[in-house]
Amino acid sequence: MDSRCAIVTGSSSGLGLEISKSLLTSGFTVFGGSRTGTELEHENFYDVELDISVPASVDEFYETVREFTAQVHLVVNNAGICEMAPLNETSAEVFEQHLTTNTLGPFLLFQGLEAFLVKHETHIISILSTAAHYGYPNVAAYNASKFGQLGLIESLKKEWKDHRVRFTNLFPGAIDTPLWDKLGTKFSRDKMLRPEDFMAVFDFLVQAPAVIQFPEVTFLHREGYLE
Ligand SMILES: NC(=O)c1ccc[n+]([C@@H]2O[C@H](COP(=O)([O-])OP(=O)(O)OC[C@H]3O[C@@H](n4cnc5c(N)ncnc54)[C@H](OP(=O)(O)O)[C@@H]3O)[C@@H](O)[C@H]2O)c1
């Protein structure tokens, strides 16, 4: 395979779908992973079944990638879930689902990734959230899982120092994606970034010279935090 290869988790919807389209336009071959799959059709797009919270599913995902390439140049750690409810109305099961998807999922993704890293080249972009370093009310499970994901990445950065790969952690505020359709909250979409706003930042980061690193990029609507 000649072109640069990218993995995008959560490619079936929202940001992952937009990211996949943009990377294809930039000439990447994209391995998109999700449970439900996507309508995206492109000769360089591989729609691969993936449940990021299940070890065997992540193994199978990488087996599929391995059939095409041994090198991954860009990884977009994006798949995630979010539910809103006061702590006392959040079941232990929902809390656990957030941890298995948003924290264990990236752990499994990175475990499988190490064999595909390209020294001095692989760029690992994680779509965290302002909720990875800022507490919001009524999203304790989401907050905990994203704080946890950040801890995982910060440890890995040091562990993988000799691989000389780049980590970029994104901390976006609210973005008007299908994630919010399921939440049915009071928040106005006018105070959220649009997916194209997010993509303006994302594309800039991907296209910037590889000598630059962006350890933490926080960006949100000019109206401020949603709460
Ligand atoms: N929208 C926002 O306001 C906002 C703000 C900050 C950060 N973020 C973060 O951005 C990321 C993308 O969110 P979005 O707004 O694009 O939400 P979205 O439209 O709901 O998309 C979520 C994606 O994650 C995938 N996913 C969920 N569970 C999965 C699992 N177990 N295995 C594999 N894929 C799974 C979904 O695919 P399937 O259901 O097909 O598996 C879907 O493709 C998330 O990590 C979210 O926390 C979003």
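Each ligand, and each atom within it, is numbered from 1 in the order the structure gives.
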Is the side chain of [X] donor-acceptor paired with the backbone N or O of [Y] at a distance under 3.5 Å, no angle test?
| X | Y | answer |
| --- | --- | --- |
| His42 | Val30 | no |
| Asn102 | Ser145 | no |
| Asp197 | Arg194 | yes |
| Thr122 | Val72 | yes |

Closest protein heavy atom (residue, atom, distance) for [atom]:
| atom | result |
| --- | --- |
| atom 25 (C) of ligand 1 | Gly10 CA, 3.6 Å |
| atom 33 (C) of ligand 1 | Leu50 O, 3.2 Å |
| atom 18 (P) of ligand 1 | Ser13 OG, 3.6 Å |
| atom 41 (O) of ligand 1 | Arg35 NE, 2.7 Å |
| atom 36 (C) of ligand 1 | Ser12 OG, 3.8 Å |
| atom 15 (O) of ligand 1 | Thr177 OG1, 2.5 Å |
| atom 13 (O) of ligand 1 | Leu179 CD1, 3.9 Å |
| atom 24 (O) of ligand 1 | Gly80 N, 3.4 Å |

Please confirm whether the ring centroid of Phe204 lies under 6.0 Å from the ring centroid of Phe202. no
When the aromatic ring centroids of Phe147 and His133 are compared, is their separation below 6.0 Å? no
Is the closest N or O pair between [X] and ligand 1 shorter than 3.5 Å?
| X | answer |
| --- | --- |
| Leu15 | yes |
| Pro172 | no |
| Ile175 | yes |
| Ile52 | yes |

Would you check whether [X] reaches within less than 4.0 Å of ligand 1, judged by its heavy atoms?
| X | answer |
| --- | --- |
| Gly173 | yes |
| Tyr142 | yes |
| Thr9 | no |
| Lys182 | yes |

Considering the heavy atoms of [X], write down every atom of ligand 1 situated less than 4.0 Å from one of them.
| X | result |
| --- | --- |
| Asp51 | 30 (C), 31 (N), 32 (N) |
| Leu128 | 7 (C), 8 (N), 9 (C) |
| Gly14 | 16 (O), 19 (O) |
| Ile81 | 27 (C), 28 (N) |
| Ala174 | 3 (O) |

Lys157 atom NZ, neighbour heavy-atom count above 12 within 6.0 Å: yes
Tell me, with the steps shown, if Tyr136 and Asn138 meet side chain to side chain contact (heavy atoms under 4.5 Å, CB included). CA-CA 7 Å; Tyr136 291 96; Asn138 302 318; over 6 Å; no
Just say parallel, tilted or perpendicular for the rings of Phe110 and Trp160, cut-offs at 30° and 60°. perpendicular
Any donor-acceptor pair under 3.5 Å linking the side-chain atoms of Thr29 with those of Ser3? yes
Under 4.0 Å from ligand 1, counting heavy atoms only, is it the side chain of Lys146, its backbone, both or neither? side chain
What part of Thr101, side chain from CB on, backbone N/CA/C/O, both or neither, has a heavy atom under 4.0 Å from ligand 1? side chain
Aromatic Phe116 / basic Arg66 pairing, under 6.0 angstrom, 45° off normal: yes
Please report the C-alpha distance between Tyr134 and Glu227 in whole Å, then the side-chain angles of each, then the deciding distance to 0.1 Å, and finally whether the side-chain hydrogen bond (donor to acceptor under 3.5 Å, both in side chains) criterion is met. CA-CA 11 Å; Tyr134 182 90; Glu227 58 184 314; 2.5 Å; yes
Side chain to side chain contact (heavy atoms under 4.5 Å, CB included) between Phe61 and Ile52, intermediate numbers included: CA-CA 9 Å; Phe61 176 83; Ile52 196 80; over 6 Å; no
Measuring from atom 35 (C) of ligand 1, which candidate in Pro106, Ser34, Pro195, Ala79 has the nearest non-hydrogen atom? Ala79
Which residue from Thr36, Thr38, Asn78 reaches closest to atom 45 (O) of ligand 1 through any of its heavy atoms? Asn78
Interatomic spacing from CG in Asn77 to CG in Leu113 - rounded to 0.5 Å: 10.0 Å
Asp51 and Arg35 ion-paired at < 4.0 Å: no
